[in-house]
Number of protein chains: 2
Amino acid sequence: MDDGVQHPTPDPVAEAVRQIRAHGERVTVARTAVLRVLADADEHLSADAIFAAVSRAAPGVHRTTIYRALDALERLDLVAFTRLRHDAATYHLAGHLVGGARVYVRCRVCGTVGHAPGDLLDDVAFRLAAEQGFALDPTAVALTGRCARCATPT
Amino acid sequence: MDDGVQHPTPDPVAEAVRQIRAHGERVTVARTAVLRVLADADEHLSADAIFAAVSRAAPGVHRTTIYRALDALERLDLVAFTRLRHDAATYHLAGHLVGGARVYVRCRVCGTVGHAPGDLLDDVAFRLAAEQGFALDPTAVALTGRCARCATPT
DNA sequence: GTCCATATGCAACAGTGTCGCATCTGGCCG
DNA sequence: CGGCCAGATGCGACACTGTTGCATATGGAC
């Protein structure tokens with residue numbers, strides 16, 4: 001899409017770990033595993049999917065720990081999640097770790113999730129800030145609608 | 001805020017009922033009660049809050065029926081809901097029933113929910129349509145961020 | 001009034017996320 | 001290197017939201 005600064009950190013996990021330490025929090029096996037899974041997947045994963053993947057890499061990690069790790073990482077702005085319709089939350093690395101924010105768009109019919117360029121919401125963010133001082137978080141936005149295939153039925 | 005056409009239907013409930021009939025579906029006590037509650041509140045309510053309000057107006061309506069009514073009304077595009085963070089879904093009347101679409105913005109810190117003009121996402125919708133044929137549903141969008149009070153801490 | 005499709009009541013279930021508490025471990029200091 | 005302590009984890013049980021199957025009641029048309 002846009003060229004230029006696309007890779008702020010060669011290894012998102014290492015950078016995230018650095019930031020965990022910088023905040024005075026602990027770097028644990030579970031947290032690192034969660035970060036690694038999210039970085040490798042480079043996709044939005046449900047907590048359950050993360051649990052499954054982490055269990056493969058580091059058996060013995062409890063389901064609850066995944067939730068607590070995600071919660072901690074979210075407080076540190078290293079992970080964000082979105083909620084689409086009635087499905088479970090889907091987590092992903094924060095935009096600044098993966099080279100620019102992406103906006104997720106999901107089709108309400110077939111459930112497919114796609115990306116849109118991160119600057120899609122820049123204007124919206126600007127208007128919200130100007131009109132009511134609202135600081136939009138683009139990484140937490142979920143756009144719902146109908147994808148190309150499902151938009152023109154009949 | 002913007003003047004002009006603000007009241008497409010004097011009574012959203014009556015209009016909604018008309019559309020239910022037009023679609024060949026049934027107008028029942030529960031569905032009418034749900035619509036009335038949503039119209040009176042003119043706010044986003046959780047299913048539980050709707051259940052409580054309906055129970056007051058029409059005792060004996062079961063919790064399950066609320067969900068099924070909301071589901072039916074959503075299929076008919078009379079009700080929409082949004083999902084913010086880990087909280088329960090919040091339902092509201094469809095935009096065309098209440099005088100133009102509104103976009104909901106919620107502060108991730110204090111939880112306050114505010115409105116933004118319905119045309120906020122017009123450009124975004126246009127770009128998504130042009131670039132990938134995605135038909136955005138503006139009534140189902142939830143924008144998360146920080147409100148004016150919570151945006152400037154420290 | 002009668003009839004049929006369908007909406008409802010009910011109860012039990014499923015999935016997601018949370019909590020309390022005992023134990024273990026990461027990071028630090030001697 | 002070994003010990004210490006706040007904080008993270010494992011474990012189980014729980015809370016909440018939303019769903020499903022089935023018998024019954026009700027809406028709407030004749």
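Naming: A, B, ... by sequence-line order, numbering from 1 per chain. As the structure is a prediction and not an experimental result, all values here were calculated from the model.
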**Asked** With a 6.0 Å cut-off on ring centres, are A:F51 and A:H62 close enough?
**Response** no

**Residue A:V29, side-chain heavy atoms: nucleotide from C:dG26, D:dT26, C:dT16 that is nearest** = C:dG26

**Between P of D:dG7 and CZ of A:R21, the distance in whole Å** = 17 Å

**Request:** Could you tell me the separation between the CG atom of A:L76 and the C1' atom of D:dA8, rounded to a whole number of Å?
**Result:** 14 Å

**Fill in**
By nearest-nucleotide position on DNA chain C, the 5'-leaning member of B:H86 and B:I66 is B:I66

**Asked** Does the side chain of B:T82 pick up a donor-acceptor pair with the side chain of B:T90 at under 3.5 Å?
**Response** yes

**Complete:** Nearest-nucleotide check on DNA chain C, B:A69 vs A:T28; residue mapping nearer the 5' end is B:A69

**Prompt:** If you check every side-chain atom of A:T65, which of D:dG10, C:dG17, C:dT25 has the closest atom?
**Reply:** D:dG10

**Request:** Assess whether one donor atom and one acceptor atom, taken from the side chain of A:R26 and the base of C:dG27, lie less than 3.5 Å apart.
**Result:** no

**Asked** Are B:D11 and B:R36 close enough for a salt bridge, meaning some N to O gap below 4.0 Å?
**Response** yes

**Item:** C:dT18 phosphate, OP1 or OP2, under 4.0 Å from A:Y67 side-chain N/O
**Value:** no

**Asked** Should B:R127 and B:D123 count as an ion pair when the cut-off is N to O under 4.0 Å?
**Response** no

**Request:** Using a heavy-atom cut-off of under 4.0 Å over every strand shown, decide if B:H62 touches base, sugar-phosphate, or nothing.
**Result:** base

**Asked** Whole-Å distance between D:dG18 P and B:D87 CG?
**Response** 11 Å

**Message:** So if I take every side-chain heavy atom of A:E25 and compare against D:dA8, D:dT17, C:dG17, which nucleotide ends up nearest?
**Reply:** D:dA8

**Prompt:** Can you tell if the side chain of B:L38 reaches within under 4.5 Å of the side chain of B:V13, non-hydrogen atoms only?
**Reply:** no

**Prompt:** When the distance from CZ of B:R83 to C1' of D:dG18 is rounded to whole Å, what number comes out?
**Reply:** 9 Å

**Message:** Can you see if the side chain of A:R31 gets near the phosphate of D:dA8 - specifically, an N or O under 4.0 Å from OP1 or OP2?
**Reply:** yes

**Request:** Pick base, sugar-phosphate or nothing for A:T64, based on heavy-atom distances below 4.0 Å to the nucleic acid.
**Result:** base

**Message:** For a quick check of understanding: with a heavy-atom distance under 4.0 Å over all strands, which category does B:R63 fall into, base, sugar-phosphate or nothing?
**Reply:** base

**Message:** Output the rounded distance in Å from NE2 (A:H23) to C1' (C:dG26).
**Reply:** 18 Å

**Prompt:** B:A30 has a side chain; which of C:dT8, D:dG18, D:dG10 sits nearest to it?
**Reply:** C:dT8

**Item:** Protein-nucleotide distance (A:R68, atom CZ; C:dT16, atom C1'), rounded to Å
**Value:** 15 Å

